[in-house]
Amino acid sequence: MEKKVDVTSKAVAEVLVRTIEYLQPNPASRAKLTMLNTVSKIRGQVKSPGYPQSEGLLGESMIRHGKELGGESNFGDALLDAGESMKRLAEVKDSLDIEVKQNFIDPLQNLCDKDLKEIQHHLKKLEGRRLDFDYKKKRQGKIPDEELRQALEKFEESKEVAETSMHNLLETDVEQVSQLSALVDAQLDYHRQAMQILEELADKLKRRVREASSRPRREYKPKPREPYDLGEPEQSNGGFPCAPAPKATAASSSFRSSDKPIRTPSRSMPPLDQPSCKALYDFEPENDGELGFHEGDVITLTNQIDENWYEGMLHGQSGFFPLSYVEVLVPLPQ
């Protein structure tokens, strides 16, 4: 039973990790989402941002460029149709995430955190009492028989408790089968809805192809060229006489050499002994709480959220930004 429980524990832990990767395949987005959720909890915010579905990002891009092309463009209209369908796919994928989390991930996580953890506690306690009994058994005759008897009773008691907990887990594995069935049902529902959305989009695009193919092609008629007055041969700037360039005098050259602008340090630059970093690239914030900056900005560091994100201040504004976009000048104190 102990071996089966150990295999069950490893299976549940790995399936949980792989399921999350299946629902949220982009590791960078997962890390960013984890950081934002942590920040939301720290700030006491109830609503946290969701995972950015790739279908939604693709749909937004299509809609943006479709609007730029305008209604007179066949390609622009097709992009708008495809973009709306991609956004609908993203919404269906969000529903899949929620359903799988409620009916599959959360129950398995509860199994790890409660039942399996409790079994490990009983097994650890059993091992301790077994060692105690073995030690006292070797000293039989040197210690009172009552003490040996109590050690044996405690060992038998822990053994019974551990065996009962493992037996209950293995005999009720129908719950895990039910949760796995819920995962497959959620996937089926997602793929049915996705297929319906894509079939509707395919019909629209085929109809647009037929309509565009049946339209008469418009001929391109260039505008008549206007005559250009090139002016006299000696005047090469379109017919306007050139004014002679003033000769540079010694006074003017000395003035220009001494008239160079002097760089002044930025007002936003923090003191050299204050934790700070320098921006290597431009960073545009995509979520609430993020701090935007431009290449070369010097940012005051206030906190490190995790191994990928810092919190800092720039121009009086505070927010979060990725570590990979900056070079640390003065590190935060450990």
Side-chain angles (χ1 to χ4, degrees), residues 1-24 27 30-31 33-42 44 48 97-186 303-309 331-334:
M1 283 195 298
E2 187 174 350
K3 184 178 180 180
K4 288 184 178 179
V5 168
D6 185 54
V7 173
T8 301
S9 178
K10 291 178 180 178
V12 170
E14 184 169 354
V15 167
L16 276 174
V17 173
R18 300 303 179 193
T19 303
I20 293 173
E21 290 177 356
Y22 161 72
L23 294 173
Q24 302 176 354
R30 284 202 310 271
L33 182 61
T34 302
M35 184 277 298
L36 292 174
N37 287 334
T38 303
V39 171
S40 299
K41 291 179 181 178
I42 294 174
S48 57
D97 287 3
I98 294 171
E99 191 168 349
V100 171
K101 184 178 185 303
Q102 290 178 348
N103 299 324
F104 184 71
I105 294 178
D106 287 349
L108 286 186
Q109 191 65 55
N110 185 60
L111 180 67
C112 282
D113 297 340
K114 187 179 178 182
D115 296 345
L116 291 172
K117 198 171 184 180
E118 184 178 343
I119 289 174
Q120 293 301 322
H121 169 72
H122 291 321
L123 290 174
K124 188 175 181 181
K125 191 174 182 180
L126 173 63
E127 182 65 15
R129 289 186 171 181
R130 184 189 66 80
L131 292 173
D132 180 61
F133 172 67
D134 288 346
Y135 171 73
K136 291 179 178 177
K137 187 177 180 181
K138 291 177 181 179
R139 298 191 62 198
Q140 190 174 9
K142 298 179 182 180
I143 60 173
D145 292 342
E146 180 64 23
E147 189 173 341
L148 180 62
R149 186 184 64 80
Q150 289 179 357
L152 177 59
E153 288 179 355
K154 289 182 178 180
F155 169 70
E156 292 290 346
E157 178 187 353
S158 290
K159 182 171 178 291
E160 184 179 351
V161 171
E163 288 177 343
T164 301
S165 61
M166 290 188 292
H167 174 78
N168 291 338
L169 173 69
L170 297 174
E171 286 298 314
T172 57
D173 60 354
V174 66
E175 295 181 6
Q176 285 76 62
V177 178
S178 175
Q179 292 151 10
L180 190 60
S181 176
L183 168 65
V184 175
D185 287 341
N303 189 21
Q304 183 169 358
I305 303 301
D306 55 26
E307 65 273 11
N308 297 313
W309 289 81
L332 288 162
Q334 299 294 332

For the pair Ser178 (side chain) and Val174 (backbone), establish whether a donor and an acceptor sit closer than 3.5 Å, ignoring hydrogens and angles.
-> no
Can you see which heavy atom on Cys112 is nearest to which on Ala13, and at what distance?
-> SG-N, 4.4 Å
Output, in order, the C-alpha distance, side-chain angles, deciding distance and verdict of side-chain contact (heavy atoms from CB on, under 4.5 Å) for Leu23 and Ile105.
-> CA-CA 11 Å; Leu23 294 173; Ile105 294 178; 4.0 Å; yes
Look at atom CG of Asp113 and say whether more than 12 heavy atoms of other residues, nucleotides or ligands are closer to it than 6.0 Å.
-> yes
CD (Glu146) with more than 12 external heavy atoms under 6.0 Å | yes
May I ask you to test the Thr19-Leu108 pair for a side-chain heavy-atom distance under 4.5 Å?
-> no
Between Val15 and Phe104, what is the shortest heavy-atom contact and its length?
-> CG1-CZ, 3.7 Å
Just wondering, do Val177 and Ser181 contact through their side chains at under 4.5 Å, heavy atoms?
-> no
Value rounded to 0.5 Å, distance of NZ in Lys117 from CG in Asn110 = 11.5 Å
Close side-chain approach of Leu16 to Val12, heavy-atom, < 4.5 Å | yes
Any donor-acceptor pair under 3.5 Å linking the side chain of Asn168 with the backbone of Thr164?
-> yes
Pair Lys124 + Glu127: basic N to acidic O under 4.0 Å | no
Taking 4.0 angstrom as the limit, do Glu118 and Lys114 come out as a salt bridge?
-> no
Here the gap from Ser165 atom OG to Glu160 atom CD, rounded to the nearest 0.5 Å, amounts to 11.0 Å
Non-hydrogen side-chain atoms of Phe155 and Asp134 separated by less than 4.5 Å = no
For Ala186 against Val100, the heavy-atom pair lying closest together | CB-CG2, 3.9 Å
Got a second to check how far Asn303's CG is from Trp309's CH2, nearest 0.5 Å?
-> 14.0 Å
Side chain Thr8, main chain Lys4, donor-acceptor under 3.5 Å = yes
What is the distance from atom CG of Asp106 to atom NZ of Lys101, rounded to the nearest 0.5 Å?
-> 4.0 Å
Find the distance between CE (Met1) and CD (Glu171) and round it off to the nearest 0.5 Å.
-> 9.5 Å
Residues Glu156, Lys159: salt bridge by 4.0 Å N-O rule = no
Counting only heavy atoms not in Tyr135, do more than 12 sit closer than 6.0 Å to its OH atom?
-> no
Any chance CD of Glu153 has more than 12 other-residue heavy atoms, nucleotides or ligands included, within less than 6.0 Å?
-> yes
Shortest non-hydrogen contact between Gln176 and Leu111, atoms and distance | NE2-CD2, 3.7 Å
Scan Arg129, Arg130, Lys136 and name whichever one has a salt bridge (charged side-chain N to carboxylate O under 4.0 Å, His left out) with Asp132.
-> Lys136
From CG (Asp6) to CE (Met166), nearest 0.5 Å | 11.0 Å
